[in-house]
Amino acid sequence: MKIVMLGAPGAGKGTQADRIAEKYGIPHISTGDIFRANIKEGTELGKKAKSYMDQGLLVPDSLTIDLLMDRIAQADCKNGYILDGFPRTIPQAESLTRALAEKGEKLDYAVNVDVPDENIVNRMGGRRACLKCGATYHIAYAAPKAEGICDKCGAGLVLRDDDKPETVQERLTVYHDQTQPLIEYYEAEKILATVDGTQDMERVFQDIIAVLGA
Ligand code: ADP
Ligand code: ADP
Ligand code: ZN
């Protein structure tokens, strides 16, 4: 099964992608996590990506598309994958469609987690991220067992630089300009499913499962 998650920053794509990946036994691929890992390791790619990410802007397609194509060519993607945070632009979506078509493949679903802007700032302010394993928490809605410590790997949790309110506003603007058009793109491809992302995490997950099938 090949799935892409759509939705505003903070809509809950990563949270749901983790659960879907576990249920269907496919890898959860987050371009944001790949960039953050590169920043942490101090790679050239990381340095370039950071300057855009810190401003709430998208990393250019020229740095993003090949990275994702290499990732989905790896052996663990043989039976499918769930993409979280890619595509984010029409050229990214077109590249993915084309690359899959060359192999006689296509995406199965684009799941749009719908959350209005007014809920997003609150979600982002409370988000805490583990930069070691990629897990995310929320201080009110998904608190870790011990404050500030990742349940999964024991590393310290942080408020991401780009989750500060000024940057969140910019990211929402970028989302509406560049990423929201993908909803129509996948609607035209007849694989779009929209779920109400303002519900609690379990409800959102059940709605997604209802679309994907057990
Ligand atoms: P969120 O989960 O809050 O939506 P991500 O972790 O997906 O955030 O992305 C963080 C940042 O990484 C984005 O604001 C952007 O700068 C960069 N990024 C991630 N994926 C992409 C992509 N597919 N294209 C361009 N930039 C990306
Ligand atoms: P995205 O990957 O779309 O940026 P995340 O999955 O990281 O979003 O979720 C953003 C924040 O909101 C996290 O702190 C997460 O724990 C929290 N969150 C996710 N889904 C829900 C939900 N249904 N209700 C309340 N909070 C949620
Ligand atoms: Zn962790």
Side-chain angles (χ1 to χ4, degrees), residues 4-20 28-39 45-46 48-69 71 82-93 95-96 111-115 119-144 148-163 167-168 170-175 178-179 182 195-208:
V4 307
M5 300 297 290
L6 299 176
K13 300 180 296 297
T15 301
Q16 298 300 331
D18 253 346
R19 303 183 63 165
I20 296 164
H28 167 193
I29 300 174
S30 157
T31 38
D33 283 351
I34 297 174
F35 288 134
R36 281 185 290 278
N38 274 274
I39 292 172
L45 173 66
K48 288 186 193 147
K50 185 175 178 3
S51 61
Y52 297 96
M53 291 167 75
D54 283 350
Q55 297 176 70
L57 302 174
L58 295 183
V59 178
D61 287 344
S62 59
L63 295 177
T64 307
I65 292 174
D66 290 348
L67 180 80
L68 190 277
M69 296 305 161
R71 180 62 189 88
I82 176 153
L83 303 184
D84 158 22
F86 186 101
R88 260 183 159 95
T89 64
I90 292 282
Q92 289 181 13
S95 301
L96 180 60
V111 177
N112 175 31
V113 183
D114 187 32
V115 176
N119 300 33
I120 294 293
V121 178
N122 176 29
R123 289 244 182 129
M124 303 296 236
R127 171 156 69 180
R128 294 295 179 270
C130 174
L131 298 182
K132 188 164 177 207
C133 78
T136 13
Y137 300 86
H138 190 284
I139 52 174
Y141 311 124
I149 306 289
C150 180
D151 291 350
K152 295 189 182 146
C153 76
L157 301 177
V158 297
L159 173 66
R160 276 166 42 184
D161 285 340
D162 61 344
D163 280 351
T167 319
V168 170
E170 182 61 32
R171 290 166 68 197
L172 281 171
T173 305
V174 168
Y175 168 74
Q178 302 196 56
T179 307
L182 296 178
V195 297
D196 176 0
T198 63
Q199 308 174 93
D200 66 50
M201 293 173 199
E202 184 56 34
R203 283 274 169 83
V204 178
F205 184 58
Q206 292 309 326
D207 284 0
I208 295 174

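The chain is numbered in sequence order, starting from 1. Both counts, for ligands and for their atoms, begin at 1 and track the order of listing.
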Looking only at protein heavy atoms, which one is nearest to [atom], and how far off is it?
atom	result
atom 12 (O) of ligand 2	Arg123 CD, 3.2 Å
atom 20 (N) of ligand 1	Thr31 OG1, 2.8 Å
atom 23 (N) of ligand 1	Gly85 O, 2.8 Å
atom 19 (C) of ligand 2	Thr15 OG1, 3.5 Å
atom 26 (N) of ligand 1	Val59 N, 3.0 Å
atom 16 (O) of ligand 2	His138 CB, 3.4 Å
atom 27 (C) of ligand 2	Met201 CE, 3.3 Å
atom 24 (N) of ligand 1	Gln92 NE2, 2.9 Å

Which distance, rounded to the nearest 0.5 Å, do you find between the [atom1] of [X] and the [atom2] of [Y]?
X	Y	atom1	atom2	answer
Thr15	Asp84	OG1	CG	9.0 Å
Ile34	Leu68	CD1	CG	7.0 Å
Thr136	Asp33	OG1	CG	8.0 Å
Leu45	Lys50	CG	NZ	13.5 Å
Gln199	Asp207	CD	CG	4.5 Å
Lys152	Asp18	NZ	CG	4.5 Å

Practice problem: Counting heavy atoms only, name the option from Lys13, Arg88, Met124 that's nearest to atom 5 (P) of ligand 1. | Solution: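 Shortest heavy-atom distance from atom 5 (P) of ligand 1: Arg88.
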
Practice problem: Kindly identify the option in Ser30, Ala11, Gly10 whose heavy atom sits closest to atom 4 (O) of ligand 2. | Solution: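 Checking each option, the heavy atom nearest atom 4 (O) of ligand 2 is found in Gly10.
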
If I apply the N/O under 3.5 Å rule, does [X] come out as touching ligand 1?
X	answer
Arg127	yes
Gly56	no
Asp33	no
Tyr52	no
Arg160	yes
Asp162	no

Practice problem: Answer with side chain, backbone, both or neither: which part of Asp200 has a heavy atom less than 4.0 angstrom from an atom of ligand 2? | Solution: backbone

Non-hydrogen side-chain atoms of [X] and [Y] separated by less than 4.5 Å:
X	Y	answer
Gln16	His28	no
Arg171	Asp163	yes
Leu96	Val4	yes
Lys13	Leu6	no
Ile20	Met5	yes
Arg160	Arg127	yes
Phe86	Ile29	no
Ile39	Met53	yes

As an exercise, identify every atom of ligand 2 less than 4.0 angstrom from a heavy atom of [X].
X	value
Tyr137	13 (C), 14 (O), 16 (O)
Thr136	7 (O)
Tyr141	25 (C), 26 (N)
Ala8	3 (O)

Quiz item: Does any N/O atom on Gly14 come nearer than 3.5 Å to any N/O atom on ligand 2?
Solution: yes

Quiz item: Do ligand 2 and Gly12 have nitrogen or oxygen atoms that lie under 3.5 Å from each other?
Solution: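 For ligand 2, there is an N or O atom that lies under 3.5 Å from one belonging to Gly12.
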
Say whether, by atom type as modelled, one donor and one acceptor occur between the side chain of [X] and the main chain of [Y] under 3.5 angstrom.
X	Y	result
Tyr137	Asp151	yes
Thr167	Gly56	no
Arg88	Gln178	no

Quiz item: At a 4.0 Å cut-off, with the gap strictly under it, does some heavy atom of Gln199 reach an atom of ligand 2?
Solution: yes

Any idea which atoms of ligand 1 are less than 4.0 Å away from a heavy-atom of [X]?
X	value
Met53	11 (C), 12 (O), 16 (O), 17 (C)
Leu57	15 (C), 16 (O)
Arg171	1 (P), 3 (O), 4 (O), 8 (O), 14 (O)

Exercise. Using the Zn ion (ligand 3) as the apex, give the angle to atoms SG (Cys153) and SG (Cys130), rounded to 10 degrees.
Key: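 Value, to the nearest 10 degrees: 100°.
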
Quiz item: With the Zn ion (ligand 3) at the apex, how many degrees lie between SG of Cys150 and SG of Cys133, rounded to 10 degrees?
Solution: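 That angle is 100°.
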
Quiz item: For ligand 1, is any non-hydrogen atom under 4.0 Å from Leu58's backbone (N, CA, C, O), its side chain (CB onward), both, or neither?
Solution: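 Leu58 to ligand 1: contacts from backbone and side chain alike.
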
